[in-house]
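Letters A, B, ... mirror the listed sequences (proteins, then strands); counts begin at 1. Source: prediction; values computed, not measured.
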2 protein chains.
Amino acid sequence: MNEAELSKPERSGRLSADDWAQAALDMIAEQGVAAVAVEPLARRLGVTKGSFYWHFPSRDALLVAALERWEKLELETVWGQLEAVPDPRQRLRALFEMVAHEFKSHVIYSELLKALDHPAVQPVIGRVSERRMDYLTASFRQAGLGRTDAQHRARLAYSAYVGFLQLNLQLHQTRMQHDEFEAYVEHMMATLIPSV
Amino acid sequence: MNEAELSKPERSGRLSADDWAQAALDMIAEQGVAAVAVEPLARRLGVTKGSFYWHFPSRDALLVAALERWEKLELETVWGQLEAVPDPRQRLRALFEMVAHEFKSHVIYSELLKALDHPAVQPVIGRVSERRMDYLTASFRQAGLGRTDAQHRARLAYSAYVGFLQLNLQLHQTRMQHDEFEAYVEHMMATLIPSV
DNA sequence: ACCTGAACACCGTTCAAGT
DNA sequence: ACCTGAACACCGTTCAAGT
């Protein structure tokens, strides 16, 4: 590869719809949903904005495509990892650990939580949440709770998870230190996980 | 008042900065933060958009003014009501009841949670959250928890509160029925409130 | 099959001129 | 002290024309 190619993201001549969707997803991770704009993306990809409309009918359609991409990704990686953990307590802990250490998938999840304003974001986040809550419910049943209690506890635990993400976003200066975070997770587990 | 005046919001001739701020706040409650746009507001107020810039230097400044207005309002009404409830358990219950029945202040709070994307929204929501969490911490101390436990439990409870709001926004079709909601609140209280 | 370039609409912002 | 109206920048969208 020569020097001229180093300055731009390498691609083989022309773009595909997937290239645009991936660029949009990167943009969400970097600067949030609002930053997904046709003109800046076109600049970044080295084409004019007019060409965008050959691949997608609208900016909205691009957002939807990017979000579908993310949904598939998070289903495979993040959620797949958790499924491997048999003990329900360990699973909850693993979930919170993942949040704390900010994998890319969670960065995007946070960005989407901030942009719930947008109609395209709501259904995706809704589906992901529903899936996660079903999963937690099953975990709590395995841990010995009755059906109704398991459902309520799952809702409570998932609320705690979403709320925790939000608070971390909100109280940016008060971002928790590692030790404090560990202590909080302990407290949360002791409170939410049924004892053996 | 004659028929011509009925079609427009009544006002005495010219506008003040407060009129614009209130109109912006109404817009947030109705259609969210993104809907706060100079041109539509000007149309609604019956003036041209140019006049807006006599009152505010930018759209952002308007947003900030509207949010300050809301912060003062919510501090007086919502939070003032809770302060009147002496028992910490009743207080938590009162808080969740308020969320469930969607007072205007909570409608706006929800809208702001959805628009955490916006730099002007974050500090306001941050201050309000901090105040609420301090308040919860004090309640849990009164209810008999040690200092650290009270802090953690307050964070957990507030996360549950914020997360609950979020889930209600997300799972719109699955919006809880009254009985189910009451049962959930019972479960949450039994889990989060220390026993006597 | 994919891209350019010019055009238009919409909104934020500026400013000289009006009352 | 507050408003108008024209101007410009920026972004979404369309489309005829290019390769």
Side-chain angles (χ1 to χ4, degrees), chain A residues 4-5 7-28 30-67 69 111 115 117-121, chain B residues 4-5 7-28 30-67 69 111 115 117-121:
Chain A
E5 277 165 347
S7 54
K8 302 187 178 191
E10 45 260 289
R11 51 188 182 80
S12 49
R14 321 188 87 110
L15 298 171
S16 66
D18 272 352
D19 291 326
W20 282 93
Q22 185 56 49
L25 199 49
D26 292 344
M27 209 59 158
I28 293 175
E30 287 167 34
Q31 306 182 46
V33 172
V36 177
V38 177
E39 211 165 21
L41 282 177
R43 268 199 298 274
R44 182 182 281 205
L45 290 169
V47 291
T48 60
K49 58 181 177 171
S51 76
F52 167 78
Y53 291 89
W54 193 89
H55 302 284
F56 292 97
S58 66
R59 186 206 103 125
D60 245 60
L62 171 64
L63 244 185
V64 169
L67 295 175
R69 216 180 158 76
E111 290 298 341
D117 220 359
H118 200 288
V121 173
Chain B
E5 277 165 346
S7 54
K8 301 186 177 189
E10 45 260 289
R11 51 185 183 81
S12 48
R14 320 189 87 112
L15 298 171
S16 67
D18 271 353
D19 291 326
W20 282 93
Q22 184 56 49
L25 198 48
D26 292 344
M27 209 60 158
I28 293 175
E30 288 167 33
Q31 305 182 46
V33 173
V36 177
V38 177
E39 211 164 23
L41 282 176
R43 269 199 299 274
R44 181 182 284 205
L45 290 169
V47 293
T48 60
K49 59 182 177 171
S51 75
F52 167 77
Y53 291 89
W54 193 89
H55 302 285
F56 293 96
S58 66
R59 186 208 104 126
D60 246 59
L62 172 64
L63 244 185
V64 169
L67 295 176
R69 215 180 159 76
E111 290 297 341
D117 220 356
H118 200 289
V121 173

Interatomic distance where CE belongs to B/Met27 and P belongs to C/dC11 [whole Å]: 10 Å
d(CG, B/Leu62; P, C/dC11) in whole Å: 15 Å
Set of residues satisfying side-chain hydrogen bond (donor to acceptor under 3.5 Å, both in side chains) with respect to B/Ser58, sequence neighbours excluded: none
Just how far, in rounded Å, is P of C/dC3 from CG of A/Leu45? 9 Å
Dot-bracket, DNA chain D: Watson-Crick or G-U, under 3.5 angstrom, [ ] crossing, | other strand? ||.|||||...|||||.||
Expressed in angstrom and rounded to an integer, what is the separation of A/Phe52 atom CZ from D/dG12 atom C1'? 9 Å
Go through D/dC3, C/dC3, D/dT4 for me and flag the one nearest to the B/Trp54 side chain. D/dC3
Would you mind reading off the distance between B/Asp18 atom CG and D/dC2 atom C1', rounded to a whole angstrom? 15 Å
Just distance, no hydrogens or angles: give the donor-acceptor pairs under 3.5 Å from side chains in residues 47-57 of chain B, sequence neighbours left out.
{"residue": "B/Lys49", "atom": "NZ", "partner": "B/Glu39", "partner atom": "OE2", "Å": "3.4"}
{"residue": "B/Ser51", "atom": "OG", "partner": "B/Thr48", "partner atom": "O", "Å": "3.0"}

So, is A/His55 close to the C/dC3 phosphate, meaning a side-chain N or O under 4.0 Å from OP1 or OP2? yes
Between P on D/dG12 and NE2 on A/His118, what's the gap in Å once rounded to a whole number? 11 Å
Give me the atom names and distance for the closest heavy-atom approach of A/Glu111 to A/Val33. O-CG2, 4.3 Å
Please give, in whole Å, the distance from D/dC3 C1' to B/Phe56 CZ? 16 Å
By side-chain hydrogen bond (donor to acceptor under 3.5 Å, both in side chains), which residues pair with A/Arg69, not counting sequence neighbours? A/Gln22
Rounded to the nearest 0.5 Å, what separation is found between the CG atom of A/Asp19 and the CG atom of A/Leu41? 11.5 Å
Where do B/Ala21 and B/Ala66 come nearest, in terms of heavy atoms and distance? O-CB, 3.7 Å
Minimum heavy-atom distance between A/Leu67 and A/Ala120, given as atom pair plus value: CD1-O, 3.5 Å
Per-nt protein contacts along nucleotides 14-19 of chain D (heavy atom under 4.0 Å; B base, S backbone sugar-phosphate only, - none) come out as BB----
So, taking the atom named CH2 in A/Trp20 and the one named CE in A/Met27, what distance separates them when rounded to the nearest 0.5 Å? 11.0 Å
Let me confirm one number: the CD-CG distance from A/Gln31 to A/Asp26, rounded to the nearest 0.5 Å. 11.0 Å
Under 4.0 Å, heavy atom to any atom of DNA chain C: which of residues 34-42 of chain B qualify? B/Ala37, B/Val38, B/Glu39
B/Val38 side chain reached by B/Leu62 side chain, heavy atoms, under 4.5 Å: no
Options D/dC2, C/dT4, C/dG12, nucleotide nearest the side-chain atoms of A/Val47: C/dT4
Pairing residues for A/Ala37 by the side chain to side chain contact (heavy atoms under 4.5 Å, CB included) criterion, not counting sequence neighbours: A/Pro40
Please state how far atom CZ in B/Arg43 lies from atom P in C/dA9, giving the value in whole angstrom units. 15 Å
